[in-house]
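In what follows, a single structure is set out as structure tokens and then discussed.
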Protein chains: 2
Amino acid sequence: MVLPRAAKTQRRTRIQEEKEERILEAALEVFSAHGFRGATVDQIADVAGMSKPNLLYYFRTKEAMHRALIDRVLDTWLDPLRAFDAEGNPVAEIRSYIRRKLEMARDFPRESRLFANEVLQGAPHIEDELKGPLKELVDEKAEVIRAWTKAGKIAKCDPYHLIFAIWSTTQHYADFDVQVRAVLGQGSSGEGRFEDAARFLERLFVDGLQVSEQPIS
Amino acid sequence: MVLPRAAKTQRRTRIQEEKEERILEAALEVFSAHGFRGATVDQIADVAGMSKPNLLYYFRTKEAMHRALIDRVLDTWLDPLRAFDAEGNPVAEIRSYIRRKLEMARDFPRESRLFANEVLQGAPHIEDELKGPLKELVDEKAEVIRAWTKAGKIAKCDPYHLIFAIWSTTQHYADFDVQVRAVLGQGSSGEGRFEDAARFLERLFVDGLQVSEQPIS
DNA sequence: TGATAATTTGACCGGTTGGTAAACATTACA
DNA sequence: TGTAATGTTTACCAACCGGTCAAATTATCA
């Protein structure tokens with residue numbers, strides 16, 4: 001047989017799982033760094049440590065690899081938003097969401113850039129995911145937030161733009177990492193960056209910039 | 001002479017200025033939509049309405065075009081931050097900066113995406129600009145903000161992360177436009193999006209999410 | 001073990017890409 | 001007007017890219 005391929009076999013061989021794993025890891029590395037068009041199959045094969053035809057034995061096309069990668073990563077990427085709890089304390093929930101998102105920007109910057117690259121260029125490969133599962137999840141959580149504002153538990157605000165603001169501020173530290181580093185300079189290049197960001201963002205979202213304490217004098 | 005090129009001639013001919021203008025406009029369109037690597041010279045030539053060799057007569061290489069485009073756009077892109085006035089009212093200055101940045105995201109989304117694409121992929125072509133002029137400008141304005149916090153005019157906060165937060169939240173509406181549209185759905189597809197965002201962001205940065213008025217009941 | 005299926009590889013292909021060479025056309029200007 | 005500089009085009013190239021193919025190698029299991 002010349003075309004068993006992963007898709008046709010009922011059970012995954014040990015070797016299949018291992019190789020597909022290695023390929024997707026390499027694909028994440030390359031796609032996140034160069035975008036879909038900027039990435040080359042040779043590059044991915046090289047990072048995965050196998051020949052190009054061998055790689056194409058497991059994923060027929062570059063698009064198939066990208067699709068498989070998106071499918072695998074999207075779910076875990078949305079986990080923090082799913083954890084948003086309608087029953088919890090509003091301010092604590094938002095604070096916790098910010099913290100989780102920031103941790104993901106720190107620990108999984110490649111995943112963040114994978115989506116950023118895609119969305120930035122018009123989301124040609126993930127339009128359905130955006131309009132489908134993503135929108136539904138956001139709609140659901142926006143309703144939770146709206147209930148909180150109506151109950152007077154947090155300040156009245158547009159829940160969608162609140163979510164956008166949390167996304168953008170946290171993912172900024174993954175997507176625009178080089179810029180953040182360039183501006184902060186060598187001094188703050190360690191992990192302290194994320195702790196400072198966490199402190200700032202928690203305060204921003206909870207208190208805003210209005211003076212909350214009187215100056216010491 | 002076979003190599004007069006723009007660089008060699010002392011004075012720019014009328015025709016040179018016109019063509020270079022058209023080329024940079026087309027380059028902005030294509031680079032911002034596909035990134036440096038994703039853009040092709042043929043595409044740019046097509047959008048500019050001229051043949052590829054003709055285009056390469058004015059800019060020797062794809063890189064030269066990109067470089068010229070960056071140089072031209074970066075200055076105006078940083079204008080809002082330059083307008084940040086140390087003598088003004090702190091809260092009013094920040095509010096005004098947010099508004100300007102949001103207007104730029106609305107009116108010049110291509111410029112925003114041009115930089116976003118570049119930075120996202122590690123800023124291989126603008127590293128010097130980031131570490132040089134950008135960092136210096138940010139350092140200067142951060143000092144202004146720090147003075148405000150020390151004087152107790154606004155809440156104590158890290159000025160760098162404040163600037164990052166304003167950048168990310170405002171540019172989000174340009175860079176991640178398709179995602180914003182997908183999540184908001186058809187209903188809010190008009191310009192109202194930006195007015196809502198402006199209202200939300202002003203409130204967020206000034207007041208935070210803490211309840212500032214008692215619920216009506 | 002032997003045969004069958006699964007995996008891997010080198011050679012290759014057609015299309016695209018950034019860029020060039022040189023002939024041709026147009027403009028500027030003495 | 002004539003001519004030299006400037007601008008434009010057609011044809012082309014070498015490198016690269018996604019993907020194929022058939023042969024070779026390795027794993028599976030009766």
Side-chain angles (χ1 to χ4, degrees), chain A residues 1-24 26-27 29-31 33-69 117 121 124-125, chain B residues 1-24 26-27 29-31 33-69 117 121 124-125:
Chain A
M1 269 285 124
V2 101
L3 256 180
R5 298 287 159 123
K8 262 201 168 179
T9 59
Q10 298 291 351
R11 297 189 171 281
R12 302 289 244 259
T13 342
R14 185 196 87 257
I15 205 167
Q16 274 178 1
E17 288 196 30
E18 277 180 17
K19 291 299 170 75
E20 288 179 11
E21 178 62 35
R22 265 171 59 193
I23 292 172
L24 288 182
E29 186 71 24
V30 178
F31 279 133
H34 305 289
F36 180 78
R37 190 133 193 290
T40 73
V41 178
D42 294 81
Q43 246 179 319
I44 299 171
D46 195 49
V47 172
M50 54 179 83
S51 67
K52 179 167 65 171
N54 194 10
L55 187 153
L56 288 166
Y57 171 76
Y58 291 99
F59 295 93
R60 268 198 266 267
T61 66
K62 190 183 174 185
E63 282 224 21
M65 285 181 37
H66 190 255
R67 157 77 34 193
L69 184 59
N117 261 305
Q121 304 194 0
H125 304 94
Chain B
M1 271 285 129
V2 100
L3 257 181
R5 298 288 161 125
K8 262 202 172 179
T9 60
Q10 298 291 351
R11 299 191 169 281
R12 302 288 245 258
T13 24
R14 186 197 86 255
I15 206 167
Q16 273 179 3
E17 290 196 29
E18 279 180 16
K19 290 297 170 72
E20 288 179 10
E21 176 63 36
R22 266 171 58 192
I23 291 171
L24 288 182
E29 186 71 26
V30 177
F31 279 132
H34 306 289
F36 180 79
R37 189 128 196 290
T40 73
V41 179
D42 294 83
Q43 245 180 320
I44 298 172
D46 195 50
V47 172
M50 53 180 83
S51 68
K52 178 168 65 172
N54 194 10
L55 187 152
L56 288 167
Y57 171 75
Y58 291 98
F59 295 94
R60 270 200 264 270
T61 66
K62 189 184 175 185
E63 282 224 23
M65 286 181 35
H66 191 254
R67 156 76 38 189
L69 184 58
N117 261 305
Q121 304 194 0
H125 304 94

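Hydrogens, waters and symmetry mates are skipped; everything else that's a heavy atom, side chains included, is used.
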Under 4.0 Å between a side-chain N or O of [X] and OP1 or OP2 of [N]?
X: A:Gln16; N: C:dA6; answer: no
X: B:Ser51; N: D:dT9; answer: yes
X: B:Arg37; N: C:dT16; answer: no
X: B:Lys19; N: D:dT8; answer: yes
X: B:Tyr57; N: D:dG7; answer: yes

Is B:Lys62 side chain donor-acceptor paired with the C:dG19 base, going by distance under 3.5 Å alone?
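Answer is no: no donor-acceptor pair is held.
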
Under a 4.5 Å cut-off applied to non-hydrogen side-chain atoms, are A:Asn117 and A:His34 in contact?
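SC-SC contact between A:Asn117 and A:His34 ruled out.
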
Using whole Å, what does the distance between atom [atom2] of nucleotide [N] and atom [atom1] of [X] come to?
X: B:Lys52; N: C:dA22; atom1: NZ; atom2: P; value: 18 Å
X: A:Leu56; N: D:dC17; atom1: CG; atom2: C1'; value: 11 Å
X: A:Glu17; N: D:dA27; atom1: CD; atom2: P; value: 18 Å
X: A:Leu55; N: C:dT7; atom1: CG; atom2: P; value: 14 Å
X: A:Phe59; N: C:dT8; atom1: CZ; atom2: P; value: 13 Å
X: B:Asp42; N: C:dT20; atom1: CG; atom2: P; value: 14 Å
X: B:Ile23; N: D:dT8; atom1: CD1; atom2: C1'; value: 12 Å
X: A:Ile44; N: D:dC16; atom1: CD1; atom2: C1'; value: 15 Å

Over all strands shown, is B:Ala39 touching base, sugar-phosphate only, or nothing at heavy-atom distances under 4.0 angstrom?
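Counting heavy atoms under 4.0 Å across all strands, the contact made by B:Ala39 is with sugar-phosphate only.
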
Side chain of [X] - closest among [options]:
X: B:Asn54; options: C:dT8, D:dG19, D:dT8; value: D:dT8
X: B:Thr40; options: D:dT8, C:dT7, C:dT17; value: C:dT17
X: A:Pro53; options: D:dG18, D:dC21, D:dA11; value: D:dC21

Give the minimum heavy-atom separation between A:Ile44 and A:Val30, together with the two atoms involved.
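Where A:Ile44 meets A:Val30 most closely, the heavy atoms are CG1-CB, 3.7 Å.
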
What are the two closest non-hydrogen atoms of B:Phe31 and B:Ala39, and how far apart are they?
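Scanning both residues completely, I find the closest heavy atoms to be CD2-CB, 3.6 Å.
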
Angle class for the A:Phe36/A:His66 ring planes (parallel below 30°, perpendicular above 60°, tilted otherwise)?
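Ring orientation of A:Phe36 relative to A:His66: perpendicular.
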
Go through it in stages, so that I can follow the logic: the residues are A:Phe59 and A:Glu20, the test is side chain to side chain contact (heavy atoms under 4.5 Å, CB included), and I'd like the CA-CA distance, side-chain angles, deciding distance and then a yes or no.
CA-CA 8 Å; A:Phe59 295 93; A:Glu20 288 179 11; 4.2 Å; yes

